[in-house]
Amino acid sequence: MQTPARRYHHGDLRAALLARAEETLREKGPAALSLRELARDLGVSHAAPSRHFKDKQALLDALALDGFERLAATAEASQKGVGDPFAERLRALVRAYVRFAADNAELLDLMYSVKHDPEASQGLLAAAFRWSDHAVALIEYGQRRGEVREGPVMEVALPVFAALHGYADLAVSGMLPPGVLDGGLDEGLDVVLAFILRGSAPGPAAP
């Protein structure tokens with residue numbers, strides 16, 4: 001009879017370890033992650049995962065990197081088939097981000113935690129900023145179209161990021177005021193979007 005260990009070969013084990021680790025992260029949190037337990041779950045030897053991850057931290061780094069790459073791909077995909085107006089493009093981007101956060105709350109926490117580790121790799125840091133690069137580019141696009149106020153792009157981007165990340169954090173942690181989500185996640189997000197669009201619209205500079 002073929003043993004479970006023989007199912008993983010030619011690089012398949014690394015992907016299987018990451019997939020199972022993400023399931024464990026979602027079900028039990030990062031403290032429950034163990035290379036030995038993952039090996040047992042997948043039916044391979046205790047030593048097998050060390051060929052891909054030298055220790056638990058290497059596994060967490062790989063999970064975070066994979067998460068940021070998926071988030072960047074989600075941001076890019078959100079712009080396909082969307083109309084030209086800045087408001088439509090921003091709406092698509094922020095909805096994609098909030099849905100990713102809602103579907104991957106534990107992973108997102110891990111991603112930002114690993115990102116702020118002083119020993120985070122350059123590759124991970126580059127991936128971490130890739131999704132926000134989409135948002136910055138979108139704001140620059142809105143400025144060129146005259147739909148976003150002029151000025152340093154980060155002066156517009158920073159409040160956008162703060163509002164977006166804050167709403168996502170409140171939503172996934174169940175901290176939104178009662179009634180906000182009665183119409184679903186997007187209804188509360190529409191209120192935040194309207195606020196962002198008013199704040200970024202061309203007009204007199206704030207005193």
Side-chain angles (χ1 to χ4, degrees), residues 11 14-16 18-19 21-23 25-26 61-112 114-115 121-172 176 180-181 183-202:
R14 186 180 190 279
L18 286 173
E22 189 170 341
E23 290 175 2
L25 179 69
R26 183 177 292 112
D61 291 349
L63 274 174
L65 176 60
D66 182 65
F68 278 121
E69 289 176 342
R70 282 158 49 191
L71 179 57
T74 297
E76 183 175 356
S78 75
Q79 300 300 290
K80 295 179 180 178
V82 180
D84 292 335
F86 170 73
E88 289 186 31
R89 289 182 172 273
L90 181 66
R91 183 173 289 108
L93 179 67
V94 300
R95 282 182 172 173
Y97 176 82
V98 170
R99 285 170 181 161
F100 181 94
D103 292 341
N104 303 277
E106 297 82 7
L107 177 62
L108 196 66
D109 281 345
L110 173 68
M111 288 159 57
Y112 285 120
V114 171
K115 171 191 168 185
S121 70
Q122 290 301 310
L124 189 144
L125 291 175
F129 285 106
R130 203 168 296 142
W131 93 265
S132 57
D133 288 344
H134 286 285
V136 171
L138 180 56
I139 290 169
E140 292 173 331
Y141 167 84
Q143 288 180 322
R144 292 194 299 271
R145 286 176 57 88
E147 296 173 333
V148 173
R149 61 181 169 86
E150 297 178 356
V153 66
M154 288 311 299
E155 289 186 5
V156 182
L158 181 58
V160 172
F161 291 150
L164 175 58
H165 186 67
Y167 178 79
D169 190 51
L170 289 171
V172 301
L176 287 172
V180 171
L181 292 183
L185 196 64
D186 283 348
E187 183 172 315
L189 183 56
D190 284 341
V191 176
V192 176
L193 272 166
F195 183 84
I196 290 173
L197 289 170
R198 286 195 300 271
S200 61

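This structure is a prediction, so every number in the text was calculated from the model and none was measured.
How far CG of Asp169 is from CG of Leu108: 8.5 Å, rounded to the nearest 0.5 Å. Between the CG atom in Asp190 and the CZ atom in Phe195 there is a gap of 15.5 Å [rounded to 0.5 Å]. To the nearest 0.5 Å, atom OG of residue Ser132 and atom CG of residue Leu138 are 12.5 Å apart. Taking CG of Leu25 as the start and CD of Glu23 as the end, the distance is 11.0 Å to the nearest 0.5 Å. A distance of 11.5 Å separates CG in Asp133 from CD in Glu76, rounded to the nearest 0.5 Å.
Within 6.0 Å of the OH atom in Tyr112, the count of heavy atoms belonging to other residues, nucleotides or ligands exceeds 12.
Nearest heavy-atom pair across Leu125 and Lys115 is CD2-O, 3.6 Å.
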Could you give me the CA-CA distance, side-chain angles and deciding distance for Gln79 and Leu93, then say whether side chain to side chain contact (heavy atoms under 4.5 Å, CB included) is met? CA-CA 7 Å; Gln79 300 300 290; Leu93 179 67; 3.7 Å; yes
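The closest side-chain heavy-atom distance from Leu193 to Tyr167 is not below 4.5 Å. Side-chain contact between Leu164 and Val98 is present, with heavy atoms from C-beta onward closer than 4.5 Å. Counting heavy atoms from C-beta outward, Val82 and Arg91 have side chains that stay 4.5 Å or more apart.
The backbone N or O of His165 sits nowhere less than 3.5 Å from a side-chain atom of Tyr97 that would complete a donor-acceptor pair.
Trp131 has its ring centre no less than 6.0 Å from the ring centre of Phe100.
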Show me the donor-acceptor pairs within less than 3.5 Å that the side chains of residues 61-70 make with the rest of the protein, sequence neighbours left out.
{"residue": "Asp61", "atom": "OD1", "partner": "Gln57", "partner atom": "NE2", "Å": "2.9"}
{"residue": "Asp66", "atom": "OD2", "partner": "Arg70", "partner atom": "NH1", "Å": "3.1"}
{"residue": "Arg70", "atom": "NH1", "partner": "Glu22", "partner atom": "OE1", "Å": "2.8"}
{"residue": "Arg70", "atom": "NH1", "partner": "Glu22", "partner atom": "OE2", "Å": "3.4"}
{"residue": "Arg70", "atom": "NH2", "partner": "Glu22", "partner atom": "OE2", "Å": "3.1"}
{"residue": "Arg70", "atom": "NH2", "partner": "Asn104", "partner atom": "OD1", "Å": "3.4"}

Side-chain donor/acceptor pairs under 3.5 Å, residues 146-163, sequence neighbours excluded:
{"residue": "Glu147", "atom": "OE1", "partner": "Phe86", "partner atom": "N", "Å": "2.8"}
{"residue": "Glu147", "atom": "OE1", "partner": "Arg145", "partner atom": "NE", "Å": "3.1"}
{"residue": "Glu147", "atom": "OE2", "partner": "Arg145", "partner atom": "NH2", "Å": "3.2"}
{"residue": "Arg149", "atom": "NE", "partner": "Gly199", "partner atom": "O", "Å": "3.3"}

